[in-house]
Structure formats: C-alpha cells, structure tokens
Amino acid sequence: MSWRKTGGFKMAKDLDELLDEVESKFCRPDPLRLGMVEQPKGTHSSDRNRAEAKENLRLADTFKRADDLDSLINEIFEEPDFDKKTFKLKSKSSGNTSVRASIQGVGKSCSPVYLGGSTAPCGIGTNISQRACDHLRCIACDFQIVSYDDYMWDKSCDYLFFRNNMPEFHKLKTKLVKKKGARAYACQCSWRTVEELTDLQMDHQLRWVCGKH
C-alpha cells in the first residue's frame, strides 16, 4: 500500500514539473522581448544592442511570414471566383453554340422550290409566300447554285465553260449579258436564265434542290 502511495506522489510530482516546464517555455513572456534580461557584470552595451537587433530581425521575419500567409489565403479565396467566372463564360458560349447548332439543324426547306427574276423576292418559298430560293444546291455536281441579278447567260455557254470556271465570277462574267429583270442561275453542270417566278419542278432536267434555310 505504501509503495502505491509513493508511486502516486512521484507521478504527481513529475507531472507538476512537466507542466512547469511547458509553462516556462510556451506561456511566459519572452524576457528578452520585454527588455528584462539582466546584463552580466562587465559586459559591453553592444551585447544588448546585438540582442535587440536579433529580436528585431526575428519579429520582422515573423511579420513577413504573416504577410505571406495572408497573401496565400487571399489567393486561395480568389482563385475559385476566377474559375467560376471563366466557367460561366465558357458555359454561356457553349450554350449559344449548341443553340445555334440546333437552330441550323432544324433548317426549313422551300416547298415548292421557286426560281425567279431579279424582281422576285428571295427566301423560303411556300404556296402562300412565293419566294425564289437562294439556298439552292445541285445533287448532280454537288455545287451550290450561284445567281446574278439583272444578268442573263450568253447563248454560247456550254458545259465545259461552267465546268472549268465555276464558281469564279471574274471568269463567269465573260458570258454574262446585262438584262434588267432577269436572274442568271448556274452550277457546275447546268445553267438557266429566269425572268418570271417559276416552279423548279416544271424543269425536269435540273437536279437542283433547296439546301435548307
């Protein structure tokens, strides 16, 4: 029984000493910072100056680390905001692209498809809104049809002329003749001069279709 009491007292004493040591190292103010260190007799005042200089350097280093920590914290909090803004902008851009793609995919076709002279309005042709199609494509040569208002094709035009010169206007214009009210159409394999609104189905030789608007 006496051994247990002795051991308990020793442990309590050791614990008190440990607490005292921790308190002396971490809880009590630094006597050097407070200027309370006693100078040994016979020492020069420069020793105190060196000690104060060291303390000032230590404090400056501490403040610098604190500033660096603040800067790091600010960067951490600012970075996500930047990423969110960038993400939002990207999302908005991709959304607009997808909307445009979906709109283009739903493109409307003329029904029926009309050709017309220069006085005929262009657009999506219907039975109610009779407009000349300006998005024609040839399924024979796979060329987009070009058209020139107030022009007609010269009678000397032939297949090889369009085969070799489409779609360069500066080459095609050598066979274009001015004619008010007419519209000259051509692809790489066919050509027509039209003066009045005409249903494309009436010309069975042409392989032209509406390429969708």
Side-chain angles (χ1 to χ4, degrees), residues 74-213:
N74 289 334
E75 288 179 4
I76 291 173
F77 280 98
E78 288 174 0
E79 285 289 336
D81 292 338
F82 177 78
D83 289 342
K84 287 178 182 178
K85 291 178 182 178
T86 307
F87 177 76
K88 287 180 180 179
L89 290 174
K90 288 182 178 179
S91 298
K92 186 180 290 186
S93 177
S94 61
N96 290 341
T97 303
S98 61
V99 169
R100 286 196 297 269
S102 62
I103 291 175
Q104 291 175 356
V106 177
K108 296 181 179 179
S109 298
C110 295
S111 180
V113 181
Y114 291 105
L115 303 180
S118 62
T119 58
C122 295
I124 301 174
T126 65
N127 287 321
I128 299 174
S129 177
Q130 297 180 342
R131 296 175 178 271
C133 180
D134 54 355
H135 282 69
L136 293 167
R137 184 177 61 86
C138 180
I139 60 175
C141 64
D142 199 29
F143 261 66
Q144 183 176 357
I145 281 73
V146 297
S147 63
Y148 303 104
D149 286 351
D150 295 322
Y151 282 100
M152 62 177 291
W153 293 114
D154 188 80
K155 293 181 180 180
S156 62
C157 290
D158 57 17
Y159 170 80
L160 289 177
F161 171 76
F162 293 101
R163 177 76 179 178
N164 296 329
N165 298 315
M166 273 290 292
E168 305 293 336
F169 174 71
H170 68 279
K171 295 179 179 179
L172 294 174
K173 68 180 182 180
T174 59
K175 298 287 186 178
L176 284 169
V177 180
K178 277 276 190 181
K179 186 174 184 182
K180 190 172 180 61
R183 181 176 287 156
Y185 291 89
C187 63
Q188 197 179 35
C189 62
S190 302
W191 63 99
R192 292 289 186 276
T193 297
V194 181
E195 296 183 61
E196 298 179 355
L197 196 68
T198 306
D199 189 337
L200 185 58
Q201 291 182 345
M202 302 300 294
D203 193 332
H204 301 290
Q205 294 180 347
L206 290 177
R207 304 289 301 279
W208 296 352
V209 297
C210 175
K212 293 187 178 181
H213 295 262

Asks: Taking all atoms of both residues into account, what is the closest heavy-atom pair of Trp153 and Ala186, and its distance?
Replies: CZ2-CB, 3.4 Å
Asks: Using the test salt bridge (charged side-chain N to carboxylate O under 4.0 Å, His left out), find all partners of Asp154 that sit at least two apart in sequence or belong to another chain.
Replies: none
Asks: When the side chains of residues 172-180 are checked against the rest of the protein, which donor-acceptor pairs come out under 3.5 Å, sequence neighbours left out?
Replies:
unit_1	atom_1	unit_2	atom_2	d
Thr174	OG1	Lys171	O	2.8
Lys175	NZ	Ser156	OG	2.8
Lys179	NZ	Glu195	OE2	3.0

Asks: If you round to the nearest 0.5 Å, how far is SG of Cys138 from CG of Leu206?
Replies: 8.0 Å
Asks: Quick check on side-chain contact (heavy atoms from CB on, under 4.5 Å): which of Pro167, Cys189, Cys157 does Phe162 satisfy it with?
Replies: Cys157
Asks: To the closest 0.5 Å, what do you measure between OH (Tyr159) and CD (Gln188)?
Replies: 6.5 Å
Asks: Sequence neighbours left out, what passes side-chain hydrogen bond (donor to acceptor under 3.5 Å, both in side chains) with Thr198? Give chain and number order.
Replies: none
Asks: Under the salt bridge (charged side-chain N to carboxylate O under 4.0 Å, His left out) rule, collect the residues that match up with Asp142, sequence neighbours excluded.
Replies: Arg137
Asks: Do Arg131 side-chain atoms and Gly125 backbone N/O form a donor-acceptor pair below 3.5 Å?
Replies: no
Asks: Residues in salt bridge (charged side-chain N to carboxylate O under 4.0 Å, His left out) with Asp199, at least two apart?
Replies: none
Asks: Hey, could you give me the OG1/CZ distance between Thr119 and Arg183, rounded to the nearest 0.5 Å?
Replies: 7.5 Å
Asks: How long is the straight-line distance from OH of Tyr185 back to CD1 of Ile145, given to the nearest 0.5 Å?
Replies: 10.0 Å
Asks: Do you know the tightest heavy-atom contact between Cys110 and Cys210?
Replies: N-SG, 3.3 Å
Asks: Is it the case that more than 12 heavy atoms not belonging to Glu168 sit under 6.0 Å from its CD atom?
Replies: yes
Asks: Nearest 0.5 Å, what's the CG-CG distance between Asp134 and Leu115?
Replies: 11.5 Å
Asks: Can you tell me how far CG of Asp149 sits from SG of Cys122, rounded to the nearest 0.5 angstrom?
Replies: 6.5 Å
Asks: Could you tell me which non-hydrogen atom of Ala120 sits nearest to which non-hydrogen atom of Ala132, and how far apart they are?
Replies: CB-CB, 4.5 Å
Asks: Name all pairs fulfilling the ring-ring contact (aromatic ring centres under 6.0 Å, His included) condition that reach into residues 110-144, sequence neighbours left out, sorted by first residue then second.
Replies: His135-His213
